[in-house]
Amino acid sequence: EVQLQASGGGLVQAGGSLRLSCAASGFTINQYTIGWFRQAPGKEREVVSFLRPTNSNTINADSVKGRFTISRDNAKNTVYLQMNNLQPEDTAVYFCAAASRRKILSSLWAKASYDYWGRGTQVTVSS
C-alpha cells in the first residue's frame, strides 16, 4: 500500500522553527520527486519545495527560499522540511506528495503532477 504521512506541525511563534516529516511506505522516496505543498484557508494549494530523486536537486519557492530546507533520509524512507524563521503567512496545512521521476522539472510546480499525497499537518504561526 502506497502511503505518505506528514507530521511535525504545530503552533509556533513568529521567528520559530519546525521540522516536518514525510514518512513514505509502499515505495522508496529515492525513486520519486517529493514535494511539500501548503494550503491556507481560502487559498489554493501551492508548492513550497521539492526534491528530485536522481541528482538530489532541491527547489524552493521564492516565498520560502532561505528559510525552508527540504532533505531526505533514504534509510528511513523519509523526507523532511526544515522551516526556520516562520512567519504568520506560513500558516497552512502542509502536505507532502510524490511524483514519478519521469516527470520533467517544469511540471513539478503543478500539483496535478504528483501521484501520491499525504493527509497534511497543520502549521500555525502566531505573531
Side-chain angles (χ1 to χ4, degrees):
E1 182 180 356
V2 173
Q3 287 187 305
L4 290 166
Q5 181 62 59
S7 62
L11 174 64
V12 298
Q13 62 184 7
S17 298
L18 285 172
R19 188 177 73 164
L20 305 183
S21 298
C22 177
S25 61
F27 69 99
T28 55
I29 58 170
N30 63 2
Q31 298 296 312
Y32 289 79
T33 295
I34 305 298
W36 282 98
F37 289 75
R38 66 186 182 188
Q39 187 168 21
K43 294 186 177 181
E44 295 291 323
R45 190 173 299 184
E46 63 177 357
V47 66
V48 297
S49 186
F50 57 87
L51 187 155
R52 299 286 280 159
T54 54
N55 58 13
S56 298
N57 283 350
T58 59
I59 308 296
N60 296 308
D62 287 344
S63 60
V64 305
K65 189 172 294 183
R67 299 189 297 122
F68 291 10
T69 302
I70 189 171
S71 63
R72 67 176 173 232
D73 185 335
N74 288 331
K76 295 182 178 180
N77 210 32
T78 298
V79 174
Y80 303 97
L81 185 68
Q82 179 67 45
M83 305 185 296
N84 297 326
N85 192 24
L86 284 160
Q87 301 298 312
E89 65 187 15
D90 297 315
T91 295
V93 177
Y94 284 72
F95 301 85
C96 61
S100 170
R101 61 178 175 171
R102 66 180 180 271
K103 301 291 180 62
I104 62 174
L105 177 62
S106 60
S107 74
L108 295 170
W109 294 101
K111 59 186 179 183
S113 295
Y114 291 79
D115 304 296
Y116 307 112
W117 291 83
R119 290 184 180 182
T121 185
Q122 177 72 47
V123 172
T124 302
V125 185
S126 65
S127 60

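Just so you know, these numbers use all the heavy atoms, side chains as well, and skip hydrogens, waters and symmetry mates.
- We find that E44 and K111 are joined by a salt bridge, their nearest charged nitrogen and carboxylate oxygen being less than 4.0 Å apart.
- Side-chain heavy atoms closer than 4.5 Å link hydrophobic residues (I, L, V, M, F, W, Y) into clusters, and following such links, even through other members, never connects I104 to I59.
- Between W36 and F68, the distance from one ring center to the other does not fall under 6.0 angstrom.
- Every residue meeting the side-chain hydrogen bond (donor to acceptor under 3.5 Å, both in side chains) condition with N85, not counting sequence neighbours, appears here in chain and number order: Q87.
- Contact between F37 and A97 at its shortest, heavy atoms only, is CE1-CB, 4.2 Å.
- Atoms CZ and CG, on R72 and L51 in that order, are 4.5 Å from each other to the nearest 0.5 Å.
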- Passes side-chain contact (heavy atoms from CB on, under 4.5 Å), Y114 versus T33? Steps please. CA-CA 8 Å; Y114 291 79; T33 295; 4.2 Å; yes
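- One hydrophobic cluster, built from ILVMFWY side chains closer than 4.5 Å, cannot hold both M83 and F95; they sit in different ones.
- In this structure, Y80 stands alone, with no Ile, Leu, Val, Met, Phe, Trp or Tyr side-chain heavy atom under 4.5 Å from its own, directly or through other members.
- Judged by distance alone, with hydrogens and angles left aside, the side-chain atoms of R52 form no donor-acceptor pair with the main-chain N or O of I34 at under 3.5 Å.
- Qualifying side-chain hydrogen bond (donor to acceptor under 3.5 Å, both in side chains) partners for S71, counting only residues two or more places apart in sequence or in other chains: none.
- Annotation: ring-ring contact (aromatic ring centres under 6.0 Å, His included) contacts involving residues 11-30, sequence neighbours excluded, comprise F27-Y32, F27-Y116.
- Under the rule for a salt bridge (Lys or Arg N to Asp or Glu O under 4.0 Å), K76 has no partner lying at least two apart in sequence or in another chain.
- Residues forming a side-chain contact (heavy atoms from CB on, under 4.5 Å) with A110 (at least two apart in sequence, or on another chain): S113.
- In this view, S49 and N60, I70, L81 satisfy the side-chain contact (heavy atoms from CB on, under 4.5 Å) rule, not counting sequence neighbours.
- At distances below 3.5 Å, not a single donor-acceptor pair connects side-chain atoms of T28 with backbone N or O atoms of N30.
- Counting only residues at least two apart or on different chains, the side-chain hydrogen bond (donor to acceptor under 3.5 Å, both in side chains) pairs with a member in residues 90-99 are R38-D90, R38-Y94, R67-D90.
- Using a 4.5 Å heavy-atom threshold, the side chains of S100 and D115 count as touching.
- Residue pairs satisfying the ring-ring contact (aromatic ring centres under 6.0 Å, His included) criterion with at least one member in residues 2-22, sequence neighbours excluded, are absent.
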Please tabulate, one pair per line, all N/O donor-acceptor pairs under 3.5 Å involving side-chain atoms of residues 4-25, not counting sequence neighbours.
unit_1: S17; atom_1: OG; unit_2: N84; atom_2: OD1; d: 2.9

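- Sorted by first and then second residue, the side-chain hydrogen bond (donor to acceptor under 3.5 Å, both in side chains) pairs involving residues 117-127 (not counting sequence neighbours) are Q122-T124.
- For E89, the salt bridge (Lys or Arg N to Asp or Glu O under 4.0 Å) test picks out no residue, with sequence neighbours left out.
- Here the shortest heavy-atom pairing between V48 and V64 reads O-CG2, 3.3 Å.
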